[in-house]
Participant: 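I have a structure here, written as structure tokens, and I will follow up with some questions on it.
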Amino acid sequence: MWKYYPELLERPVPRYTSYPTAADFNNDVGAAELEQALAQVKPCDDISLYAHIPYCDQICWYCGCNTGRANRTQRLNAYMAALFGEIELVARKLGHHSRVKRIAFGGGSPNAISADGFAALMDHLSDAFSLADPVKSIELDPRSFTPEWCDIIAAMQIGNVSLGVQSFDPAVQAAIGRVQPLDMVSDMIDNLRSAGVSSLNFDLMYGLPGQTEATLMETLEATLTLKPDRIALFGYAHIPTLIPRQRQIDDTILPDAKERFDMAATGYDFLIKAGYQAIGFDHFALPTDPLGRAGMSRTVRRNFQGFTDDQSDILIGLGASAISEFPGYIVQNEKNSGRYRELIAQNQLAAVGGVKRSISNQVHGVIIEEILANGEADLTPLGSVSGKAEILAPFINRGLVEIVDQRVCLHESAKPYARTIAATFDEFRKASTGTFSQAI
Ligand code: SF4
């Protein structure tokens, strides 16, 4: 059972889906750097693609994603045309050296577009890139899932599906503006399994308005009856100053920090006892799932999609706001869909920001990723660890962390503090707290 040390969770910290984090991006990096990074991809490199669909049929009040209402067909079609244009442009810059092993579709909700539109997207990707029997994954919104979409999932052999669930409690669903009954999710899962989906993920949340430990447990119990292969149990980050749609949420009924901690701890215990493998600090996977196997072999990675078994160091993001990662650069596309379309219409790469990763950034990035994904990291590349032992003393003294043979090792009880521990290796975050979310 985790022990609560509020003093260790006071400092807001990044989620570290990249290092340096998006808060450290600047405008000195853009299309020229993306072009250079694409040209440097070697024929032997494995590539992962991510395609962003920034639309949803209904917008949830808690959502921090770059997404808008899919209520204008013309706007959606214009976006898809730009996305097709970007696919061709990026593939040309990459040359013929692509060996695409993964394709992820996210957003937003990819099923905000029509099933036919999605088939056309797949056609463009397979025409433009050399697909090496890639693992395909997609995020789906149960509220807009149709039989046509089920057919296309089967036809495209998409094996990994992630569903936004958050909570099965009707009162919590009403409080977050996302009403989707258990039956709806249950029927969808039956259909997806019949369509050949072998890895199903549920996104769940704790710390939601009106949520209690008891209602979280009810959601987890209902979840187990549906047997997802993976579960992500995130803490809700309430930052209405940055995410205006969150102003619709009644912040007087949000759980406090201790209640959030207890929910995370109870959820963790419950899922471990149910046979899930803990992945990083907020993901869980069955031992039979590729992510569960990566957890057991300590080969979990972390990227913009969260914890993953994807081992590639090259992720090419396509679409408005999509982020590409290369060893030496992280590059982000224009976030505004209209401006994104204009750039592509001018035959320009849409990257407008990012960060150059120095050797020191890369070294620190590996340590941060290893701490978060696998609970231990080799500190040898940093030289002497004596200074680190001093900085980590609050965690070492509480029995959460050890330094053994130049390796920092986190105990299971350190999971809720993993982001704070990782932040001690963040070169950009010595003093500032920035505008990040609570550490749990
Ligand atoms: S469906 Fe997903 S991406 Fe769309 S608004 Fe809701 S949480 Fe955000």
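The model shown is predicted, which means the values in this text are computed figures rather than measured ones. When a residue number appears, it is its place in the shown sequence, counting from 1. In each ligand, atom 1 is the first atom listed, and ligand 1 is the first ligand listed.
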Participant: Only pairs under 3.5 Å count here: list side-chain donor-acceptor contacts from residues 320-328, not counting sequence neighbours, and write none if there are none.
Facilitator:
{"residue": "Ser321", "atom": "OG", "partner": "Asn66", "partner atom": "ND2", "Å": "3.0"}
{"residue": "Ser324", "atom": "OG", "partner": "Gly317", "partner atom": "N", "Å": "2.9"}
{"residue": "Glu325", "atom": "OE1", "partner": "Arg357", "partner atom": "NH1", "Å": "3.3"}
{"residue": "Glu325", "atom": "OE1", "partner": "Arg357", "partner atom": "NH2", "Å": "3.3"}

Participant: Write out the residue and atom name of the closest protein heavy atom to atom 2 (Fe) of ligand 1, then the distance separating them to 0.1 Å.
Facilitator: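 The protein heavy atom lying closest is Arg178 NH1, 3.8 Å.
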Participant: Roughly how far, to the nearest 0.5 Å, is OG of Ser114 from CD of Glu148?
Facilitator: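 The distance works out to 9.5 Å.
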Participant: Does Phe202 have any ring-ring contact (aromatic ring centres under 6.0 Å, His included) partners at least two apart in sequence or in another chain, and if so, which?
Facilitator: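 So Phe202 forms no ring-ring contact (aromatic ring centres under 6.0 Å, His included) with any residue.
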Participant: Hey, what do you get for OG (Ser48) to CZ (Arg301), rounding to the nearest 0.5 Å?
Facilitator: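 Here the rounded value is 9.5 Å.
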Participant: Could you pull out the N/O/S protein atoms under 2.8 Å of atom 4 (Fe) of ligand 1, ignoring any water?
Facilitator: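 The answer is Cys56 SG.
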Participant: Tell me, which protein residue and heavy-atom name are nearest atom 7 (S) of ligand 1, and how many Å apart are they?
Facilitator: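 Looking only at protein heavy atoms, the one closest to atom 7 (S) of ligand 1 is Tyr62 OH, 3.3 Å.
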Participant: Salt-bridged, Asp426 to Arg419, with N to O below 4.0 Å?
Facilitator: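 No, this pair does not count.
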Participant: So, are Asp141 and Arg178 salt-bridged, with charged N and O less than 4.0 Å apart?
Facilitator: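 Looking at Arg178 together with Asp141, the answer is yes, because their closest N to O distance falls below 4.0 Å.
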Participant: Heavy atoms only, cut-off 4.0 Å: how does Arg143 contact ligand 1, side chain, backbone, both, or neither?
Facilitator: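 Just the side chain.
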Participant: Side chains of residues 168-175: which donor-acceptor pairs under 3.5 Å do they make with residues two or more places apart or in other chains?
Facilitator:
{"residue": "Asp169", "atom": "OD1", "partner": "Ala171", "partner atom": "N", "Å": "3.3"}
{"residue": "Gln173", "atom": "OE1", "partner": "Gln180", "partner atom": "N", "Å": "2.9"}
{"residue": "Gln173", "atom": "NE2", "partner": "Ser167", "partner atom": "O", "Å": "2.8"}
{"residue": "Gln173", "atom": "NE2", "partner": "Gln180", "partner atom": "O", "Å": "3.0"}

